[in-house]
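Working notes, beginning with the structure itself.
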Protein chains: 2
Amino acid sequence: MMKKQLIMEKALELFANQGIEATSIQQITEHCGISKGSFYLAFKSKDELILALIDHFMMQITSNIDYTVRNTNDDKKLLFEFYYTMFHTFYEHSDFAKILIKEQVQSFNEELIVKIHYYNRLNEKIILSMIERLYGEEVEPIKYDLIYNIKGFMSTYLQLFLFYNAPLDFDLLSQSLVEKTNLLARHTTIPFFSQELIEMINQPMKEEVTKEQLIEMIEQKIEEIEESIEKESLILLKQQLLEPTLVPAIVKGLLENIRNHPHCKWISYLLRRYYEF
Amino acid sequence: MMKKQLIMEKALELFANQGIEATSIQQITEHCGISKGSFYLAFKSKDELILALIDHFMMQITSNIDYTVRNTNDDKKLLFEFYYTMFHTFYEHSDFAKILIKEQVQSFNEELIVKIHYYNRLNEKIILSMIERLYGEEVEPIKYDLIYNIKGFMSTYLQLFLFYNAPLDFDLLSQSLVEKTNLLARHTTIPFFSQELIEMINQPMKEEVTKEQLIEMIEQKIEEIEESIEKESLILLKQQLLEPTLVPAIVKGLLENIRNHPHCKWISYLLRRYYEF
DNA sequence: TTGACAAATGACTGAGTAGTCATTATTATA
DNA sequence: TATAATAATGACTACTCAGTCATTTGTCAA
């Protein structure tokens, strides 16, 4: 569906510049060169468009960062790669990042809040796994403090380059944050977050996706995209889910094939989690 | 003017719960039990109300924090007192803090952005003076990084207790942040902020207030408040500005008198800066 | 060329908005 | 008590918005 993508693209530009609330459907359709009726053929409502945008970009961003963390073998480089990928990915999707920060705490839509929380939790999980891998048992009492400090660094510096559009040196920034993170991880002795507090904050996580849901999602994607290596890979991965016959190396290779297709990033992320690669 | 205060109070509640954009004048007047016309007798527009709210609370919060920093003599306690006062003050004004965070990056009103930036700059100055006092020359190359890290800690943990309304232990939290801040101040070696970058980000600061402006503001306040120690103190402070006759100790005492009057916090802050106490 | 189906249109509806102003109520003064 | 001055009211205007639907336009097979 070309129309949906066009609308999402053009709407994103307007949302980033004026805010979601301040952008009317009229403006969006004019900016697209289509009629109002056409818009409502593609999306049931303005809310549905917003949710689609959140999903589309958060899937890409989350899976990008997750991929980096899972596939950086050198522990010495891990933190740097994490920060660098994070900043780089958000920079690539600046318009989206802007609306994400702007509307993050805005509460006009319950479903939107739930969705953003969901992705927040996923990102916290990724950060936690990184912390545990890097620092192991020694940071156990302060690991939640660390998560929040890392997220704090992220949002502070993200705001900086999103709203001042200063041409920042991501390499230096990431180096600097690696140093700070290591300092906090190795020398913090006063934890603030208790297990209790964390449980209070985190509502129960949305249930994991099932194999059946994965298959359904893959089928949908197969119909969406044209003939290509990616499509073939998806078909093989679907068969593998229905009846495991391939060795892990092949499965991992297939995942690698679809990893960079913009429509497959999410599937690729879910499958990596499913197979625990 | 009683009416203005009533409207500001009730509007704040609605703004904090629903967001500014989503709250109509109708709702505000109903919540106050007054008519729509009455609202427009007190404020020229919705924007004017918003700006009044920002000023009223930011003046209190900024001057509170500034007072703490200036009047904590024991350097060992300074950072703790800073964090503690900051969290405590924002907690006292939770509703305002919520709308501040929500609308901070929202750009629907140029004047509002300018105002928030102005107070941001003031707070940065306070933090900078604290850093310079505590760590001196040794942190010169990383002092701007420190400012941003401290601000990052503030906003991260502020969001936490504002939006999860968890009953947080401010004492423990402040202790924990003191440790983190000291770690970063004493061991960071890779600065990210260059002088250049800072200059790019900071538009020229609004000019300092003049003596004449101060006198005018004091006169206004004198008319606003009823007979009291505070009023007498204001009258004496005004005379002191017109013709200095009192010794510093007395001036400082007079400032102390008005410090905790909700309407005088800002005057008190400006006078402290003027006399460099 | 025709006819059947699908895609696209934009005038229209109804709800809600900020801000106005002629009228009414209240208070202060003589 | 009578009169002037001030404060408060809410119906009203002019506008914007999300969402609908009868109508038109485009497409493709027979």
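In what follows, chains carry the letters A, B, and so on, assigned in the order in which the sequence lines appear, proteins first and then strands, with residues in each chain numbered from 1. Remember, predicted model here, so these are calculated numbers, not experimental data.
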Q: For each nucleotide in nucleotides 4-15 of chain C, reading 5' to 3', give B when a protein heavy atom comes within less than 4.0 Å of its base, S when such contact involves only the sugar-phosphate, and - otherwise.
A: ----BBB-----

Q. Listed by chain and number, what are the ring pair (Phe, Tyr, Trp, His ring centres under 6.0 Å) partners of A:Tyr40, not counting sequence neighbours?
A. none

Q) Residues in ring pair (Phe, Tyr, Trp, His ring centres under 6.0 Å) with B:Tyr67, at least two apart? A) none

Q.
According to side-chain hydrogen bond (donor to acceptor under 3.5 Å, both in side chains), who are the partners of A:Lys46, at least two apart in sequence or on a separate chain?
A. none

Q: For residues 48-65 of chain A, pull every pair meeting salt bridge (charged side-chain N to carboxylate O under 4.0 Å, His left out), keeping only residues two or more places apart or in separate chains.
A: A:Lys44-A:Glu48, A:Asp55-A:Lys115

Please give, in whole Å, the distance from [N] [atom2] to [X] [atom1]?
X	N	atom1	atom2	value
B:Ile25	D:dT13	CD1	C1'	17 Å
B:Lys44	C:dT20	NZ	C1'	15 Å
B:Glu21	C:dT17	CD	C1'	11 Å
A:Phe43	D:dT20	CZ	C1'	19 Å
B:Gln18	C:dT17	CD	C1'	14 Å
A:Ile20	D:dC17	CD1	P	16 Å
A:Lys46	D:dG19	NZ	P	8 Å
B:Ile7	D:dA8	CD1	P	10 Å

Give the table of side-chain donor-acceptor pairs shorter than 3.5 Å for residues 23-30 of chain A, with sequence neighbours excluded, one pair per line with atom names and distance.
residue : atom : partner : partner atom : Å
A:Thr23 : OG1  : A:Gln18 : OE1          : 3.0
A:Thr23 : OG1  : A:Gly19 : O            : 2.8
A:Ser24 : OG   : A:Gln27 : N            : 3.2
A:Gln27 : OE1  : A:Ser24 : N            : 3.1
A:Gln27 : NE2  : A:Gln18 : OE1          : 3.4
A:Thr29 : OG1  : A:Ile25 : O            : 3.3
A:Thr29 : OG1  : A:Gln26 : O            : 2.8

Q: Indicate the ring-plane relationship of A:His88 and A:Phe170, choosing parallel, tilted or perpendicular according to the 30° and 60° boundaries.
A: perpendicular

Q: Answer with base, sugar-phosphate or nothing: what part of the nucleic acid does A:Thr29 contact at a heavy-atom distance below 4.0 Å?
A: nothing

